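Owing to the predicted nature of the structure, the values given are computational and were not obtained by experimental measurement. Both counts, for ligands and for their atoms, begin at 1 and track the order of listing.
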Amino acid sequence: MYTDKLLLVFMFSALNAQFSQTKYFLETEYIEVPLNHFAPSEEPNVFKLRYLINAEYYDETGPIFIYIGGKGDIFVQAQNSGFMFDIAPIFNALLIFVEHRYYGQSLPFGNDSFSSLKQLKYLSTAQALADFAFVSKYLKTTLSETDDRQPTVVAYGASYGGMLAAWLRMKYPYLVTGTIASSAPMFDFPGLTKCDTFYEKITQVYAEYGGEECVEMIKRGWDVIMASSKTKIGRRVFSELKICSKIETSKDVEKLLNWLQNIHVNMAMANYNYPTNVYTPLPAYPVKVFCDKLTSYYEISNKSFIQHYSRALEFYTNYTGNSLCNNINNENEDLTEIAWNFQTCTELISPRCSTENDMFVTNPWDYEEYAQNCNARFGVKDVRPEGAILAYGGKDLKYYSNIIFSNGEMEPWSSATVSDNVSDSIFSIKIPDATNQLDLRKFDPTDNIYVAETRKFHIHTITQWLENEH
Ligand SMILES: *[C@@H]1O[C@H](CO)[C@@H](O)[C@H](O)[C@H]1NC(C)=O
Ligand SMILES: *[C@@H]1O[C@H](CO)[C@@H](O)[C@H](O)[C@H]1NC(C)=O
Ligand SMILES: *[C@@H]1O[C@H](CO)[C@@H](O)[C@H](O)[C@H]1NC(C)=O
Ligand SMILES: *[C@@H]1O[C@H](CO)[C@@H](O)[C@H](O)[C@H]1NC(C)=O
């Protein structure tokens, strides 16, 4: 029965695929949740958490599919999670997208939420999970007519949100029957994953989609920039990059290199088989687009190389053609970045380094320096690199059940994800030729067979979870 419906849904999606800008219909709700789930307070201490609902496909026999918000605005994440909309009709599911505290509109102290540790200290994975559990419990209770048949909850999440969705199943199994965790870097913690794997994987993505020559030319770019930065005459080449501010000091050069490297990371993360707008509007396979442009170059002088490199980047930096100059200063860091930096300074410690083996500027991992920066930035004196491992078990997942970890093999984090089947109910599904979170995006006619098979596996497994509940 499910299979027939599935076929229909996919045919329907295929017909609609040409309208790639389709926006999913979502209603906005707010729910008051405790600011601190783990300690009493003197006064009522709650704030409004945002969640989005789509009940188009729901009937009272159906489950609740709850999307666990990660870093950023929940509305954007919901619009990029078309798989849940694609399969909701098969299960008559209610779709709920819950925002993570301190992101989007779910700010406990409004715009003041980031002023100091006094406000920020309620931003932790444990508090966020308790919010998600609180909402799950609330929905189960309010949607059931009788206590003995509450709707089943299946959790979904991607990237950091995928880690949370998995942890939610691990910590609150009585509330959540199973989890689909897409591209969740579960092992991106000290001692669990080597610090060089992230940038090595990205280099592999560039070699695969853009060719070795592209990798070599990107490396050459860093050398040219660093060599040129040493003299006043040399620094003239930087005008070719159309940066808004002057590049003079070594600090400016460092900023420039970070800005460029970030663009290369984002291109790899958004290297989808069709145009998307995740970080910025991008064509299909941006890595290939960039590399094709870059490797069409044959000149030798540093100046013309940088000019050419800059032109090759323009489809990313100057998509509209209206940008006067490139702003590389991150001083106007948005609230999402502040919240995320705080999390990476307290719990989500992910060692990163680049070496000779990758295409990035060589940079060692220095934990002491990292902890000092966090202290200077947020006044955090107890960065606990082992905190999340203690809380969530690190690589010891065999005690848990009902989680699918799906990972694109061509995504930057693939070496920090669960890469082996753990048990007969904790799966690792590897998706060849796919990048970050592709399986949770909506069906697209250009998706490869592996993505299609992964989605079928999700549907099959969710069906089993639901059947076992009743
Ligand atoms: C918070 O800041 C945003 C962005 O600067 C602004 O649009 C919004 O009006 C502010 N909200 C309040 C309550 O001050
Ligand atoms: C050009 O760049 C190379 C590195 O690729 C460097 O060795 C050389 O000194 C640079 N030339 C000038 C004139 O800056
Ligand atoms: C963006 O494109 C326009 C039109 O081609 C060009 O005039 C402008 O210099 C470009 N800006 C940057 C920052 O590349
Ligand atoms: C895990 O098990 C599933 C189902 O049997 C299988 O499709 C998948 O390839 C396995 N994953 C790995 C990494 O071996």
Quiz item: Run the salt bridge (charged side-chain N to carboxylate O under 4.0 Å, His left out) check on Asp86 and Arg455 step by step: do they pass?
Solution: CA-CA 10 Å; Asp86 284 347; Arg455 290 182 180 136; 5.8 Å; no
Quiz item: Out of Val135, Asp73, Leu52, which residue meets the side-chain contact (heavy atoms from CB on, under 4.5 Å) rule with Glu99?
Solution: Asp73
Quiz prompt | Among Phe290, Phe360, Tyr316, ring pair (Phe, Tyr, Trp, His ring centres under 6.0 Å) partner for His264 | solution = Phe290
Quiz item: Which residue, Asn436, Asp447, Asp444, forms the side-chain contact (heavy atoms from CB on, under 4.5 Å) with Tyr272?
Solution: Asn436
Practice problem: Non-hydrogen atoms closer than 4.0 Å to ligand 2: which protein residues do they belong to? List them by chain and number, please. | Solution: Asp223, Val224, Ala227, Asn302
Quiz item: For the atom pair OG1 (Thr276) and CG (Asn80), what is the distance rounded to the nearest 0.5 Å?
Solution: 8.0 Å
Quiz item: For ligand 3, does Cys325 get within less than 4.0 Å through its side chain, its backbone, both, or neither, judged by non-hydrogen atoms?
Solution: backbone
Quiz item: Side-chain donor-acceptor pair under 3.5 Å between Ser401 and Arg169, yes or no?
Solution: yes
Exercise. For ligand 4, find out whether one of its N or O atoms is nearer than 3.5 Å to an N or O atom of Ser419.
Key: no
Practice problem: Give a yes or no on whether the ring-centroid distance for Tyr103 and Trp340 is below 6.0 angstrom. | Solution: no
Quiz item: Is there any N or O on Lys430 that sits under 3.5 Å from an N or O of ligand 4?
Solution: no
Quiz item: Which atoms from ligand 3 have a heavy atom of Ser323 less than 4.0 Å away?
Solution: 1 (C), 8 (C), 10 (C), 11 (N), 12 (C), 13 (C)
Quiz item: Phe65 pairs by side-chain contact (heavy atoms from CB on, under 4.5 Å) with which of Leu94, Ile96, Val153, Ile87?
Solution: Ile87
Self-check item: From Thr193, Asp358, Asp188, Val265, residue fulfilling side-chain contact (heavy atoms from CB on, under 4.5 Å) relative to Phe198
Solution: Val265
Practice problem: Could you list which atoms of ligand 4 come closer than 4.0 Å to a heavy atom of Phe427? | Solution: 2 (O)
Quiz item: Would you say Asn322 has any N or O atom under 3.5 Å from an N or O of ligand 3, going by distance alone?
Solution: no
Quiz item: Counting each atom of ligand 4 from 1 as listed, which ones have a heavy atom of Phe457 under 4.0 Å away?
Solution: 4 (C)
Quiz prompt | Neighbour count above 12 (heavy atom, 6.0 Å) for Phe457 CZ | solution = yes
Quiz prompt | Geometric N/O contact Asn326 with ligand 3, under 3.5 angstrom | solution = no
